[in-house]
Amino acid sequence: MAEEPKNNVISINGKDYNTDDLNNEQKYAIQQLRDLQTRSDTLKFQLDQVAAAQKVFTDALIKSIEDPAEKAAAS
């Protein structure tokens with residue numbers, strides 16, 4: 001028979017804990033940490049998007065300033 005997944009088990013400092021055995025305060029801390037991790041991942045994702053867009057606009061500005069053909073078209 002296949003082993004059931006350990007959905008209710010967390011590992012802290014190399015030791016596994018069944019969340020069903022934790023008190024409400026500990027369970028709440030786990031919920032907070034999971035939410036914070038999700039939010040952190042989302043912010044990192046958004047920061048990557050902003051950094052990429054910033055690079056595109058920076059490169060476009062540099063090209064328009066340094067390229068003589070762009071200078072003539074702007075005049």
Side-chain angles (χ1 to χ4, degrees):
M1 181 180 278
E3 189 175 324
E4 291 186 30
K6 298 180 179 182
N7 292 336
N8 293 336
V9 176
I10 61 167
S11 181
I12 299 174
N13 295 330
K15 186 173 178 184
D16 291 342
Y17 298 89
N18 187 325
T19 57
D20 294 335
D21 298 334
L22 303 178
N23 66 35
N24 287 338
E25 182 180 346
Q26 294 164 332
K27 289 176 184 179
Y28 181 72
I30 291 168
Q31 289 173 328
Q32 289 287 351
L33 289 166
R34 286 179 177 158
D35 181 60
L36 290 167
Q37 183 63 53
T38 299
R39 292 172 62 190
S40 175
D41 292 344
T42 299
L43 289 170
K44 287 176 187 174
F45 184 79
Q46 291 173 344
L47 181 58
D48 287 344
Q49 291 175 333
V50 169
Q54 188 176 20
K55 181 174 179 358
V56 167
F57 284 109
T58 300
D59 292 349
L61 175 61
I62 291 169
K63 182 180 177 191
S64 71
I65 290 172
E66 293 177 349
D67 188 350
E70 290 286 331
K71 286 181 186 176
S75 299

Check your understanding: Can you list the residues that meet the salt bridge (Lys or Arg N to Asp or Glu O under 4.0 Å) rule with Asp59, with sequence neighbours excluded?
Key -> Lys55
Study note, to complete from the structure: Rounding to 0.5 Å, atoms OG1 (Thr19) and CG (Asn8) come to a distance of 4.0 Å
Practice item. Calculate, to the nearest 0.5 Å, the distance between atoms NZ and CG belonging to Lys27 and Asp21 respectively. Key: 8.5 Å
Practice item. Supply the atom-to-atom distance Ile12 CD1 to Ile30 CD1, rounded to the nearest 0.5 angstrom. Key: 6.0 Å
N/O donor-acceptor pairs under 3.5 Å from side chains in residues 32-45, not counting sequence neighbours:
from, atom 1, to, atom 2, distance (Å)
Gln32, NE2, Tyr28, OH, 2.6
Gln37, NE2, Asp41, OD1, 2.9
Thr38, OG1, Arg34, O, 3.1
Thr42, OG1, Thr38, O, 3.0

